[in-house]
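Everything quoted here is computed from the prediction, not taken from an experiment. Note on naming: letters A, B, ... go to the chains in the order of the sequence lines (proteins, then strands), and numbering restarts at 1 for each one.
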There are 2 protein chains.
Amino acid sequence: MARPAKFTPDQFLDAARDAVALHGRDATLGQVCALVGAPTGSVYHRFPTREHLFVGLWLRSVRQFHVGLLEAAARPDGREALAAAALHIPRYCREHPAEALALTLYRQQVLVRSAPTDLTDDVRTVNDRIAAATTDLCRRRYGTVSEHLLTVVTTAVRQCPYGLVRPYVGGEVPQWLDDAVLASSTAILRLGDS
Amino acid sequence: MARPAKFTPDQFLDAARDAVALHGRDATLGQVCALVGAPTGSVYHRFPTREHLFVGLWLRSVRQFHVGLLEAAARPDGREALAAAALHIPRYCREHPAEALALTLYRQQVLVRSAPTDLTDDVRTVNDRIAAATTDLCRRRYGTVSEHLLTVVTTAVRQCPYGLVRPYVGGEVPQWLDDAVLASSTAILRLGDS
DNA sequence: TGACATCTAGAACGATGCTGCTAAAACGTG
DNA sequence: CACGTTTTAGCAGCATCGTTCTAGATGTCA
């Protein structure tokens, strides 16, 4: 039909990820293209704007992050599932430092309003499966589900571990941090017992 | 002597703070000056570059944040001091949401390398008094000081609470978060007992 | 083999925003 | 009451970067 593409969209996403690791959140398209080895204009055959590229990177990283998180949450034992989910966060940051850094590029809450309209659906629904898994974890841990308990679980399993890891994201995440994650996570979960 | 200044440096810092609250981390000098009501060029009689202005804002916010933190850490009872220090973080974010947002502008570790040379000294030493207070807290809690224990205290008192509060910074920080901060902080401190 | 669609390649365009410049203004001092 | 100094006021230069455009290349399918 036509000339085959020399570069894949994922190559550009990878390059964007590396550019962020190298130059921070305001990496330029020029830096991205230089990493790919492609001319500047080539991005626009895959991503209509710079924002599409970087939001696309964020979405891909979030989804990749969710794979392991969902696996952890699927463990048969409820307590184990909660602990494994919390510990998945430092683990992910160790195994995928650059992707973890890309996670810090945006916040969903903000992105829902500011993202290009053809991406808002993706941004809005990207957390749906995690939300379902959280509800499940909540029911298994407390036997019931309420808005407050959901917040407690989310805080214990994602927010707090992420906050602990955050200063190390992109670099070396110390091993002892796992102890801190586990200790703080279970302590917060106990708040839901009363 | 000379024409008196119509605007103070602090006015520009305040405006930078508000511009960040309004337009995010890449607020422009134009937006800052619009908030002051000053012409664009006026900034340069106080701050040689844009970076000086925003790093200056960050430094001012850090120092303001430290005031309450040092007060909390000065409490006679060691345990109370640790708890009060941890709880100071959500409190500060409630009382000074815009300044708290300015704290997220940079990270000291990065800034030490990237800041303008005439500010690196300020950046490097801005945490010194906090470091001393942390050592003191550590000694009072555990009776001894080691690198590991210092990391535990820092994580429990600053890193973890900050991580919990971070998603809410700039907006409303829920009251129940204080419970989570206290629970996770004491749980992490217990790690130092073994 | 030729037409066509899609891509590469890189230059050009346009907007934005930081920085420096000039002229006028204001105020204390000699 | 001039003078010198410092600031206001806003414009202009300059660089950067996102985006678009044009020309040429390349492979597929009829």
* **Under-4.0 Å salt bridge between B:Arg190 and B:Asp193** => no
* To do: Provide, to the nearest angstrom, the distance between the CZ atom belonging to A:Phe47 and the P atom belonging to D:dG18.
  => 15 Å
* Measure from CD on B:Gln11 to C1' on D:dT7 and round the result to the nearest Å. => 14 Å
* To do: Could you walk me through whether A:Arg17 and A:Asp14 pass the salt bridge (charged side-chain N to carboxylate O under 4.0 Å, His left out) test, one step at a time?
  => CA-CA 5 Å; A:Arg17 173 199 63 194; A:Asp14 289 344; 3.6 Å; yes
* To do: Would you mind reading off the distance between A:Leu53 atom CG and D:dC17 atom C1', rounded to a whole angstrom?
  => 14 Å
* To do: Please state how far atom NZ in B:Lys6 lies from atom C1' in C:dA24, giving the value in whole angstrom units.
  => 13 Å
* Between atom CZ in A:Arg46 and atom C1' in C:dC7, what is the gap in whole Å? -> 7 Å
* Asked: Is the shortest distance from a Lys or Arg side-chain nitrogen in B:Arg139 or B:Asp136 to a carboxylate oxygen in the other one below 4.0 Å?
  -> no
* Protein-to-nucleotide contact annotation, 5' to 3' order, nucleotides 13-22 of chain C [B base; S sugar-phosphate only; - none; under 4.0 Å, heavy atom] -> ----SSBB--
* Asked: Between the side chains of A:Tyr92 and A:Glu99, does any donor sit under 3.5 Å from an acceptor?
  -> no
* **salt_bridge(B:Asp10, B:Arg60) N-O dist < 4.0 Å** => yes
* What's the shortest heavy-atom distance between A:Ser184 and B:Cys160, and which atoms? -> CB-SG, 4.5 Å
